[in-house]
Amino acid sequence: MKNLKIALFLSGLSAIGFVAATPYLLTMIGDAVAMVPLPLPAVIALFVLQGSITAFLLSWAGLTLAGKVGLDAPILRKWLYKTGGASFNRQGIVQAVIFGLLGTLMIYLLERLIFQPLMPILAEKAQELNAPIWAGVLTAIQGGVYEEVMVRLFMMTLVVWILSKLFGRQSSPKPWMYWIGIFGAAFLFGLGHLPAASVYFGEITPLLFVRTIALNGVAGILFGYLYWKRGLEYAMIAHAIGDILLHGFLS
């Protein structure tokens, strides 16, 4: 029960994020949604409900394992349970902002300097995209909360926990275990975008596979480091900043 309030809170935020991201998602994959034999409001409602339940389960499982390997959402724990002394501090927020900007810059440069010259279809798809800036900005809630719950709080924590069980015995996890968790979760997050890439581009070529993994994984390394060193909340801030810029102003 010590993690129930946090899991419910993250699930509620995720639900808000799914609703807020709906206009942008409909712009991206609206044709695929139109093929579903259900009214659009029903599709959206099911999308939000499924995502909220998933967020709760992943939050609860992730928090349960996080407590065993030195990871946590310490600020939310203090807010909701009045335990611990963690709170937002200026140094942590500045680092989260810098990491969010740095992750955005890396993705932007990879796309413009490497992948667009090799894949002309990317420029064509960019011209077709007509999502308004406000719709892209609203994806920050879904990305910053739900994706961090799924990738960092659950996936990364699970990898670290498994490694600690296999190699750590009774000692605390070693730094290399966290780094494998960081890179492993970032890679899995990239893999998770392949179905959407397949819908958007029609097929997955080897180059598109590399692009999908790289663009969705590179910033995750920075977010994972924040989760490890400062807590989930700072990773959420950095991720949200990245989504605001990438999906909104740089869409």
Side-chain angles (χ1 to χ4, degrees), residues 1-15 17-18 50-77 80-81 84 86 96 99 103 141-196 209 212-240 242-243:
M1 298 295 292
K2 66 179 182 178
N3 297 317
L4 181 61
K5 290 182 181 179
I6 302 177
L8 288 172
F9 181 80
L10 292 173
S11 177
L13 280 183
S14 296
F18 285 124
Q50 179 185 17
S52 302
I53 294 174
T54 303
F56 172 78
L57 295 175
L58 294 180
S59 296
W60 180 80
L63 289 164
T64 300
L65 296 179
K68 304 178 186 298
V69 294
L71 299 170
D72 200 9
I75 297 172
L76 289 179
R77 189 169 300 282
L80 297 174
Y81 288 98
F99 276 24
I141 306 173
Q142 186 247 350
V145 178
Y146 177 74
E147 290 181 0
E148 285 305 306
V149 164
M150 176 178 64
V151 183
R152 247 60 65 181
L153 182 58
F154 179 72
M155 291 183 185
M156 176 180 158
T157 302
L158 178 62
V159 172
V160 175
W161 180 80
I162 291 174
L163 291 174
S164 69
K165 285 294 184 181
L166 292 176
F167 304 105
R169 298 182 180 180
Q170 301 301 319
S171 61
S172 300
K174 301 296 188 294
W176 66 267
M177 299 179 184
Y178 292 105
W179 282 115
I180 290 180
I182 289 171
F183 280 90
F187 179 75
L188 291 173
F189 184 60
L191 286 180
H193 282 76
L194 289 175
F209 177 87
T212 303
I213 300 299
L215 296 192
N216 288 291
V218 63
I221 297 171
L222 300 176
F223 304 157
Y225 181 83
L226 284 173
Y227 172 44
W228 172 25
K229 292 297 185 178
R230 293 192 177 276
L232 183 68
E233 298 84 358
Y234 291 98
M236 288 180 172
I237 292 173
H239 195 142
D243 279 357

Notebook entry, point to check: Who passes side-chain hydrogen bond (donor to acceptor under 3.5 Å, both in side chains) against Arg230, sequence neighbours left out?
Noted result: Gln95

May I ask you to test the [X]-[Y] pair for a side-chain heavy-atom distance under 4.5 Å?
| X | Y | answer |
| --- | --- | --- |
| Ile182 | Arg152 | no |
| Met236 | Leu226 | no |
| Leu71 | Trp161 | no |
| Leu153 | Ser59 | yes |
| Asp72 | Leu63 | yes |
| Met150 | Phe189 | yes |

Test item: [X] side-chain N/O and [Y] main-chain N/O as donor-acceptor pair under 3.5 Å:
| X | Y | result |
| --- | --- | --- |
| Ser172 | Val69 | no |
| Ser11 | Ala55 | no |
| Glu148 | Leu232 | no |

Item checked: Trace of the side-chain contact (heavy atoms from CB on, under 4.5 Å) decision for Met156 with Trp228 -> CA-CA 9 Å; Met156 176 180 158; Trp228 172 25; 4.0 Å; yes

Which atom pair, heavy atoms only, marks the closest approach of [X] to [Y]?
| X | Y | value |
| --- | --- | --- |
| Ala86 | Pro74 | CB-CB, 3.5 Å |
| Gly143 | Asp243 | CA-OD2, 3.2 Å |
| Gly190 | Ile213 | C-CD1, 3.5 Å |
| Ala185 | Met155 | CB-CB, 4.2 Å |
| Ala7 | Trp60 | CB-N, 3.9 Å |

Note to self: Please verify the inter-ring angle class for Tyr225 with Phe99; under 30° counts as parallel, over 60° as perpendicular, anything in between as tilted.
What the structure shows: tilted

Check: Using the ring of each side chain (for Trp, its six-membered ring), is Phe223 parallel, tilted or perpendicular to His239, with breaks at 30° and 60°?
Finding: parallel

Checklist line | Side-chain donor-acceptor contact under 3.5 Å, Thr157 with Tyr227 | finding: yes

Could you grab the distance from atom [atom1] of [X] to atom [atom2] of [Y], nearest 0.5 Å is fine?
| X | Y | atom1 | atom2 | value |
| --- | --- | --- | --- | --- |
| Leu65 | Leu158 | CG | CG | 6.0 Å |
| Leu215 | His193 | CG | NE2 | 10.0 Å |
| Ile75 | Tyr234 | CD1 | OH | 4.0 Å |
| Leu4 | Leu8 | CG | CG | 4.5 Å |

Next item on the list: Would you kindly check if the NZ (Lys) or CZ (Arg) of Lys5 is within the cone defined by 45 degrees around the ring axis of Tyr81 and under 6.0 Å from the six-membered ring centre?
Entry: yes

Check: Should we say atom NZ of Lys165 is surrounded by more than 12 heavy atoms from elsewhere, each under 6.0 Å from it?
Finding: no

Next item on the list: Applying side-chain contact (heavy atoms from CB on, under 4.5 Å), run through Phe154 and Val149 and close with a yes or a no.
Entry: CA-CA 6 Å; Phe154 179 72; Val149 164; 5.7 Å; no

